[in-house]
2 protein chains.
Amino acid sequence: MIDAVTIKDVKLQLGELCKQKRQSYEMSQEDLAEALDISRYTIQKFENGKNATLDTVLKIANHFDLLNNLYQALKDIEKSNDINSLY
Amino acid sequence: MIDAVTIKDVKLQLGELCKQKRQSYEMSQEDLAEALDISRYTIQKFENGKNATLDTVLKIANHFDLLNNLYQALKDIEKSNDINSLY
DNA sequence: TATATTTGTGTATTATAATAAACAATAAAA
DNA sequence: TTTTATTGTTTATTATAATACACAAATATA
């Protein structure tokens with residue numbers, strides 16, 4: 001039970017993932033901001049684990065082709081709930 | 001290729017999932033809002049697919065014990081990126 | 001080394017998410 | 001049907017995410 005993932009942990013990890021994906025595409029924060037038509041400062045804050053809006057997070061996820069995965073994951077959670085309700 | 005999941009799709013699905021989880025615990029929007037110390041209006045808007053902040057989404061996810069899953073999923077994506085970079 | 005690029009920070013302003021309160025519209029229970 | 005609870009919606013206010021701009025600090029490149 002090395003559990004207890006906090007909200008802060010998730011936000012930091014989201015930022016890390018953004019940074020890693022961005023760098024794998026050899027994009028600067030400026031490049032990504034331009035591509036998504038949002039400010040570099042928003043990217044900057046997000047990559048450093050600060051709070052953000054869902055729209056910002058999903059724009060970034062979309063740009064790195066993670067939207068389908070996310071959507072499917074949500075559907076799976078929903079489905080697993082349905083299954084549990086049968087027992 | 002019945003692809004093309006949109007940002008709106010994901011937001012709607014997030015709202016649906018919140019509603020389903022909440023109802024599976026037999027909580028009203030008011031109950032959930034109280035438990036998370038946020039306003040019912042914020043829950044209301046989120047469940048109907050409106051934009052929200054990451055903090056709001058993660059508070060809700062945390063209440064339904066989805067934070068570990070989410071964190072692990074993010075780690076997995078990060079790791080799959082590392083693997084690709086080896087080829 | 002110097003130069004260019006990228007990232008981190010600061011300040012002020014704008015846009016909007018969150019809040020609070022009330023009330024109407026449904027839905028569920030008596 | 002009447003209550004009762006829940007959900008949807010409106011308005012006004014507050015809190016804060018997002019923007020724009022500049023500049024310093026750190027990295028990378030010539």
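All values reported here derive from a predicted model rather than from experimental measurement. Convention: sequence-line order gives letters A, B, ...; per-chain numbering from 1. Only heavy atoms go into these numbers, but all of them, side chains included; no hydrogens, no water, no symmetry mates.
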When Arg40(B) and Thr53(B) are each assigned the nearest nucleotide of DNA chain C, the 5'-most assignment goes to Thr53(B)
Could you state the atom-to-atom distance from [atom1] of [X] to [atom2] of [N] in whole Å?
X        : N       : atom1 : atom2 : result
Ile43(B) : dT9(D)  : CD1   : C1'   : 17 Å
Glu34(B) : dT7(D)  : CD    : P     : 13 Å
Leu32(B) : dT7(D)  : CG    : P     : 10 Å
Lys45(A) : dT19(D) : NZ    : P     : 9 Å
Lys50(B) : dT9(D)  : NZ    : P     : 9 Å
Glu30(B) : dT7(D)  : CD    : P     : 10 Å
Asp37(A) : dT19(D) : CG    : P     : 8 Å

Excluding sequence neighbours, so at least two apart, what forms ring-ring contact (aromatic ring centres under 6.0 Å, His included) with Tyr25(A)?
-> Phe64(A)
Which residue lies more 5' along DNA chain D, comparing Asp31(B) with Tyr41(B) via nearest heavy atoms |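 By nearest-heavy-atom nucleotide position, the 5'-most residue is Asp31(B).
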Mind running side chain to side chain contact (heavy atoms under 4.5 Å, CB included) on Leu70(B) and Leu58(B) for me, showing each step along the way?
-> CA-CA 9 Å; Leu70(B) 178 53; Leu58(B) 296 182; 3.6 Å; yes
Any side-chain N or O of Gln44(B) less than 4.0 Å from the OP1 or OP2 oxygen of dT7(D)?
->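 It does not, given that no N or O in the side chain of Gln44(B) lies less than 4.0 Å from OP1 or OP2 of dT7(D).
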Asn62(A) side chain to Leu67(A) backbone, donor-acceptor under 3.5 Å =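 The answer is no, because no donor-acceptor pair under 3.5 Å joins these two groups.
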How about Glu78(A) and Gln20(B): does a side-chain donor come under 3.5 Å of a side-chain acceptor?
-> no
Where chain B begins and ends its contact with DNA chain C, read 5' to 3' at 4.0 Å from heavy atoms | dA17(C) to dA22(C)
Would Leu14(A) and Ile77(B) show up in the same hydrophobic cluster when neighbours are defined by side-chain heavy atoms closer than 4.5 Å?
-> yes
When Glu47(B) is tested against each of Arg22(B), Lys21(B), Lys11(B), Lys19(B) for salt bridge (charged side-chain N to carboxylate O under 4.0 Å, His left out), which residue passes?
->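 Looking at Arg22(B), Lys21(B), Lys11(B), Lys19(B), the match for Glu47(B) under the salt bridge (charged side-chain N to carboxylate O under 4.0 Å, His left out) is Arg22(B).
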